[in-house]
Amino acid sequence: MNKHNWLLWLTAFAIAGFSAPMVWASEYRIENVKGDVYRFIDDRHRSLFLVTDEGILITDPLNESAAKWLKAELKKRFDVPVRYVVYSHNHSDHIYGAEVFDSSETTFVAHRLAKQDIQNTGANTVVPDMTFDNSMDISLGEHTVELRYHGPNDGRGSISMLFQPEKLLFVVDWVVVGRMPWQKLWSYDIQGVINSTRDVLDLDFEVFVGGHADIGDKADVRRYLSYMEELYAAVIDGIHAGKNLEEMKQSITLDNYSDFKQYDEWLPLNIEGVHERLMEESGMSWRPGL
Ligand SMILES: [Zn+2]
């Protein structure tokens, strides 16, 4: 090999070997949360994975490109097989890309209603091969991941996952800490979200990780619940008082929560979302006397 060819080869190696992962690295991130549980971040989306001597359990794969990056990182950092992929719910922005992990040694787990929706709508991801109705425990190494269904809240078959012994709770979309819930509370069953959040507060957890926004603790989840309860009650009161949506956007301020990110931008949208849901799902728009 002459000097010129050697340089060309070196350049090609540099592009193939270093450039691509560097582009990836700026998009995706892995951080240790507690014990053997790690958070995987793709822009606004987050998922968790657990590493044990007996293998890895991952939660939402997020999307194909994120899943490919994660798979390569898991191989590089830990080099144990991925034993489980557990879907938080049915929404494609969280559970696409699972085919990247499809193998005979990996079991795909979801709530029965999430699987039903994935099948019926022809979602382009792996159809779960293990489902449950109320709760299911997965043991891996010295760890247990407790999966629970708390009734309807957001999407179909959306569950909580409690990692033990870390006492770490993971919920996607229907509990958000450090930030306002998303815009017009797209796809929220509001009373269901409140009921499910009350339910998880009875669980023994110390750390909370959401599918979006920040990491928090039990007090943060309690505060999110208070926000949702106060928002819901304020809009119901407004409708009973004969106020229209624009008047409510002016009068409902919920100042106690002004430290939540996106408070100014999304409070009017949150109010609109609750109003829309009450008018349609609770039928307040065609109720005599309102
Ligand atoms: Zn989401």
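When a ligand or atom number is given, it counts from 1 through the structure's own listing order.
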Open item on the list: Counting only heavy atoms not in E142 (residues, nucleotides, ligands), do more than 12 fall under 6.0 Å from its CD?
Closed with: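 Counting neighbours around CD of E142, 12 or fewer heavy atoms of other residues, nucleotides or ligands fall under 6.0 Å, so no.
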Task: Ring-ring centroid check H94 H45, cutoff 6.0 Å - done: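 Ring centroids of H94 and H45 are less than 6.0 Å from each other.
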TODO: Classify the angle between the aromatic ring planes of W69 and Y28 as parallel (below 30°), tilted (30 to 60°) or perpendicular (above 60°).
DONE: tilted
With a cut-off of 2.8 Å, does any N, O or S atom of [X] fall short of it relative to the Zn ion (ligand 1)?
X    : value
H91  : no
H94  : yes
D173 : yes

Open item on the list: Distance check, rounded to the nearest 0.5 Å: Y149 atom OH versus D199 atom CG?
Closed with: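 The OH atom of Y149 sits 11.5 Å away from the CG atom of D199.
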